[in-house]
Each structure stands twice: as structure tokens, then as C-alpha cells.
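Just so we're on the same page: letters track the sequence lines, and every chain starts at 1. Only heavy atoms go into these numbers, but all of them, side chains included; no hydrogens, no water, no symmetry mates. All figures in this text were calculated on a predicted structure; none of them were measured in a lab.
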Protein chains: 2
Amino acid sequence: MPAPPDSAAAAGRVRASQAGASRASIELSAVLISVDETTPRLLTVHHGREGLGLPSTHLDDRVDRTLQQGVRRLVGSETGLPVRYFEQLYTFGDRGRAPGGRELAVAYLALARYQPVHGPNEPSWLSCYELFPWEDWRSGRPALLDDVILPAIDEWLARSTLDELPTRRERAELTFGVGHALWDPVRVLDRYELAYELGIVGEAMAASSGDGGEGGAGRRARAAPVTGNPRAGDWRGIGMPLALDHRRIAAAALERLRGKLAYRPVVFEVLPETFTLSRLQQVVEALAGQVLHKQNFRRLVASANLVEPTGEWDQRTGGRPAELYRFRREVLRERPAPGLGLRRLGGP
Amino acid sequence: MPAPPDSAAAAGRVRASQAGASRASIELSAVLISVDETTPRLLTVHHGREGLGLPSTHLDDRVDRTLQQGVRRLVGSETGLPVRYFEQLYTFGDRGRAPGGRELAVAYLALARYQPVHGPNEPSWLSCYELFPWEDWRSGRPALLDDVILPAIDEWLARSTLDELPTRRERAELTFGVGHALWDPVRVLDRYELAYELGIVGEAMAASSGDGGEGGAGRRARAAPVTGNPRAGDWRGIGMPLALDHRRIAAAALERLRGKLAYRPVVFEVLPETFTLSRLQQVVEALAGQVLHKQNFRRLVASANLVEPTGEWDQRTGGRPAELYRFRREVLRERPAPGLGLRRLGGP
DNA sequence: TGGGCATATGCTCATTCAGAGTATAAGTCC
DNA sequence: GGACTTATACTCTGAATGAGCATATGCCCA
């Protein structure tokens, strides 16, 4: 069925378009996520004038045999923290995402247990919900939605042409659950991107406005231009900006992580060896940005055989002591997609 | 909470590791998938001496504003086919994945309706199951498993040290469902990677053998070295090799696509505007490599509100005429994760 | 010492959903 | 007209889900 061999002449053309090819500089970025008492946090470092941003480095061709090794080296040199999970996230390569020529950024999602950090560039744990305040629904619907975002969406719809209107309306419904549509906790990146287009996040306000965009299917990889100069507590727009397009990358990471919660046991990578079921639920709720029904959550965890009791008890609960559990790594080979099958990450 | 501004001196170090930085050449690759009558197919082109491979090109910095535009241009110039879905797949950047210096490959998954192709490099639709014969369970358990793969696994386990044994056994159970573990249709890449390590796929046989590997969590991005010279029907090992590490990339694409079936309505991008429910099922089965319970499938599709009847009927069924349906794009905004909730892609 | 409070844990109940089977309708082929 | 093929409708059962109530076991403080 495949065609006969050799057609070197024709095949030459595949690589012939190298005429316009150029070598790009490769940047590695890490979104290292953990969970504090009740807050999901990501690691930031200082990027000089550009303010806070993700740990980033250029791929060192002499040292790093694989991309993941490069990220490992990066996080090691910035924090020394032991990273318990790595996953390639996305490659950002739009023109204009970084100043001075094209730069490709390969971003990784990483998970670690929470602990204080020290390092050469003042690493610190930033609350994910300082970046995306509209993503935390644990104490009810965020006020920001009705105060800022929905009005901005209305305005955006109002100033659209008749052609654009249905698409825009659909997009607003999809991402922010406008109208009778549902809020999908996973669509973090979609929401950030729309907020960016609405011009209500700091990066977009500092830079040029609307863009139009391609509108095709699939994940858009449009870049946020270089941001102004986010300093502590002193920024415009909703949520705290990061250097370059790093807030976008963080949004992609949170989206990926929330999506994974349902079908892969990744939560355990931010938890200590043993933990109570309440702590487990607390961490899941922190990451999902949603409260969960307590009894059902325990039933779920139990029936999924994700954990096993250690026989030890935590007395510091303030109430009845709670049994300590540990993650059963064996489930990985027992079921195709182990995880807290939170189908719609259903709340109470 | 964030530290006070400015620490330019320290921050300099973040980017100071540029000392060893190098600019890499960026290759774009597309895994364009469609479904023939009953076979999932991906588009291959001729790569000269290296045989069949994926459509690939170097990123043209002058033309392509975004990576996705580059892929669009690539598929356009190779085939002219209208692509209905794009999604970034993975970035492969291990040293040694391509001859002659480091090359980063950014791979995209693309979907199109099936139609004959023409182009400068003899594009053709290759059956996915010619690449991965062990992935097609529609007519029962593939013989290849018991004839070749399981014996190779046994041998691999037998020659492992006592340290390696539990890890290896677990991995075998996880990927190939050895023992009483279940076969997860989604783990296409894991299976290809293990088969590669077992030395039973052509690429691994032509090149050096075992490697050891890192063994950490997360997706491994190890590269398959340059392959021998896959010619039509004339290769060693199981399944047909592709040029370079392109079969690995194809495995990643099939894995992603199978995973997406359950929670995103991507099937419809390979179907024509209208279709019968049987055709829909046939396409899903082709991609999933599994047969599905017919009555339940229809109930699923109906209850998910994914399609709506057109009122027209297809008379060419050979039996009772079937009603034609069309995809309801609106579901995208009605439910968080629309798709054929094939939880375990459950069969009959 | 015992009540108030907080937390953990156990159990019930109604509803929905997934898997599997049976029955019927409406065409084609010979 | 009968055999065969395909489409479609309906039933049944056990499991999973969402929500609630009840009980156990600690602490704090009067």
C-alpha cells in the first residue's frame, strides 16, 4: 500500500523550505505548584526590572540531554526543592512573546511538597488565586465576576459587529458560564485569554489593545506582549501580572492540573507521605477552587482504593482525631485511569 | 507578600546561564489523522532515503507568526487539505533525536475529513494500525501480543536484576495489561516506548539497544534514534517504522486523540456534515480500536445531545434506511466536558 | 464533671447512569 | 415471499452519584 521507495528529488522539497528557516533560542520555564495550608501556590523568582516571573533558563545544550533534565536543573538551581512530578505543558512560540527576536519557551508543570524556599533569585510561593482571583469559588461566587468581568464582557459584546456577536457570545458562555451555561473549573486558560482580550488584565492594559485573532478550533497560542512592570501590590487590572507571558503559562498549568485531578492521582505529589482524608480533601479543594461534599469525597476516595490506612492517628485536629492514610501507588496498575473521578468536580 | 521591587543583580543570574545556551533549529511536524471506511489513517510523505515520515518543515520565521500558522502552512503545502482541528501535541527535544546537532520538533495533532490527497512529496494515508498493529482490538485480541510482545516482555523480565524486576513488572502490567491488569486503550505511547525498549520495533533494532532511562514520573521524552530505511513491506520488528522518531510522535498523537474522544467532541471533525449513527460509531470504534455496544452507544449519543436529526435518510445501508444526523455545536457551551463519555471506552 | 463545640466517620435514600439483553421496524437480495 | 441486513425502541439490573442524617471521639471551659 505505501508507495514504492525513493523519490529523493521530490522529498528534497520537504526540507527545502529551510531557506527561510532560522535558529531560535530555547527557553525552559517551570510552573512549580504546591499547596500551602489552604492555598495553591506557584513558585516565582525575580526577573529584575520585569518583576516576578516563572523560573526560566535557556536550554544548555552542553549539559541537558533531555528537556526534562533541563527543567530539573533549573528548579534545582533556583530552589533546591525536590520535585515529585514533571510534565511537559506547552510550547509557546508566537512571534512577539518575548522582546528581541523569536524565542521558543517550552514550559513544564512540576509538583512539589510545600516547604519554605531559598535561592539566588529570591524565590517565593505566590498564591495562584492572586494571579487568578476569579478562579477561587470556595467561598462562593467571586465578586470580581459580577463587578468587573461580566460588565467587560457585556461591553465587548455590545461593541461587536453582527458577524462577531454569535461567536463572541458563545465564547463568553463557554468560558465564563455566562447565561445559563455552567462554570467549568478546568477552563482556566480560556478565561485568562478572554480576560486578556477584554483588556482587563494588567498585561493587556500596558500593551496594545484588541487583536482579532484567528478564531479557529483548537487551543490558541497567542502571546501576551511584554508586560509593564508589575511591582508588589501595585498593578492595574484584575489579578497580579507576571513578567512576559508568564501568567498565561501559569494559567495553562493550572488548567492542566485541574484537568488531571479527575483521572490521575497527582494530588498525592503535593502531600506528605501520610495525611488525613480531610487534608486530602482540603488540598483537592484548594486546587479545584471548589468545595466538595465531605462524605461523598471520602466514599469516593475509599472506593477508588487510592489510599490505605496507616493505623496512626492525627490528634491535632481540634476535634475527633483523624486516621492517617498513605497513597497506594499500586492503583496505578490496577485501573486504567485512577483519580478522584470528579466528573464535573461536583460540589455540595 | 511578594518581595520589594528590584533585585536586578540577583535576577541577572536567571538569564546568566545563557553562557551555555545555544540556538536550536525548530522543526514543525504534523500528525494529520482521518478515518477511512473503517481504518484510522495518518498522512505520510516521502522523506527521500529515510523513507516515509510525517509532514515536517522548519519553522519559517519570516512567514509564520504563530506555530500553528506554521503547521497550517505545512499541511497546506504538502496536501492542500482543509484541516478542521489543530492541537499542539508535544515538543521533542532530546539530544540525538535527529542527526546533526540538536533539533527541537514541535508536533501538532490535526484532524481532517478523509479524501484522496495529492502533493509534491507523494502524500498518502497510512493506516494507524500498520504502525501499531497491537492497538486494534476490534476483531479480538491481536495475535501479535501473545506471539511476539508478551514473550519479549517475559524475556525482558527474566534478564532484569532483582532491583529492576518490580518496576519492570509494574510497567508491563500498566502498559500492556499483563497479568490481571486491564488494557487501557489510551496508553498508546507507553506501549510503543516499551516495545522500543524491548527491541522489537524496527527503529530500535536498527539502532543501539537498551538504554536504562531515567524512570522518573511524568512523560518520558526519550528519542528514538535515526531509523534504518523503512521501505514498503520490508521492515523488521512489529509494525511499520517511520523516518526518524516519527512513529513515536504518531503514537503520542493517537494516544491524545483516544484520550480526547471521551470528553471532547473531536470525532465530528473527521466526519462529513451529516452522518448516520452507525457511521459515527464506526469511526469512534476505528479510532478507539475497540468495538462498542451498539444500543448503548446510541443512547449515549442521544442523551449527550451531541447530535440532532436532519430529517433525511440514508438509503444505502443495505438494510433499513438510517436517519442522518448532524453535530450540534451548541453542546460545547451547554456542558463542561461534552464527549462520548466512554469512561473506559467500554466495549460489549 | 459535664455541656458545648468541633471534627471525623458511618450509614441511608433517591436518582441517575452504565452494561447487557430482547423485541420490532424497514429496507435489500434472490 | 422468505431470508437476510441494518436501524431503532424498550426493558432490566446493578453500580455510581448527589444529598442528607446520625453517631463517635476528641477538645475547651464553666
query: Is the distance between the ring centroids of B:Phe275 and B:Phe327 under 6.0 Å?
result: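 No, too far apart.
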
Rounded distance (Å) that lies between atom [atom2] of [N] and atom [atom1] of [X]:
{"X": "B:Asn296", "N": "D:dT13", "atom1": "CG", "atom2": "C1'", "result": "12 Å"}
{"X": "B:Asp314", "N": "C:dG27", "atom1": "CG", "atom2": "P", "result": "13 Å"}
{"X": "B:His293", "N": "C:dG21", "atom1": "NE2", "atom2": "P", "result": "7 Å"}
{"X": "A:Gln315", "N": "D:dC27", "atom1": "CD", "atom2": "P", "result": "7 Å"}
{"X": "B:Phe297", "N": "D:dA9", "atom1": "CZ", "atom2": "C1'", "result": "17 Å"}
{"X": "A:Leu292", "N": "D:dT17", "atom1": "CG", "atom2": "P", "result": "13 Å"}

N/O to N/O distances under 3.5 Å, protein versus nucleotides 13-16 of chain C:
none

Distances for protein N or O near nucleotides 5-8 of chain D N or O, under 3.5 Å:
{"unit_1": "D:dT6", "atom_1": "O2", "unit_2": "B:Arg320", "atom_2": "N", "d": "3.3"}
{"unit_1": "D:dA7", "atom_1": "OP1", "unit_2": "B:Ser278", "atom_2": "OG", "d": "2.7"}
{"unit_1": "D:dA7", "atom_1": "OP2", "unit_2": "B:Ser278", "atom_2": "OG", "d": "2.8"}
{"unit_1": "D:dA7", "atom_1": "OP2", "unit_2": "B:Lys294", "atom_2": "NZ", "d": "2.4"}
{"unit_1": "D:dA7", "atom_1": "N3", "unit_2": "B:Arg320", "atom_2": "NH1", "d": "3.4"}
{"unit_1": "D:dT8", "atom_1": "OP1", "unit_2": "B:Glu323", "atom_2": "N", "d": "2.9"}
{"unit_1": "D:dT8", "atom_1": "OP2", "unit_2": "B:Arg298", "atom_2": "NH2", "d": "2.3"}

- request: Under the side chain to side chain donor-acceptor pair (under 3.5 Å) rule, collect the residues that match up with A:Arg191, sequence neighbours excluded.
  value: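 Counting only residues at least two positions away or on another chain, A:Arg191 forms a side chain to side chain donor-acceptor pair (under 3.5 Å) with A:Glu135.
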
query: Got a sec, which residues hit ring pair (Phe, Tyr, Trp, His ring centres under 6.0 Å) with A:Tyr325, two or more places apart in sequence or on another chain?
result: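 Not a single residue meets the ring pair (Phe, Tyr, Trp, His ring centres under 6.0 Å) criterion with A:Tyr325.
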
[X]: partners by salt bridge (Lys or Arg N to Asp or Glu O under 4.0 Å), with sequence neighbours left out:
{"X": "B:Glu37", "value": "none"}
{"X": "A:Arg256", "value": "A:Glu87"}
{"X": "B:Arg326", "value": "B:Glu308"}
{"X": "A:Arg168", "value": "A:Glu164"}

query: Can you list every pair that meets side-chain hydrogen bond (donor to acceptor under 3.5 Å, both in side chains) and has a residue in residues 145-154 of chain A, with sequence neighbours left out?
result: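 For residues 145-154 of chain A: A:Arg141-A:Asp146.
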
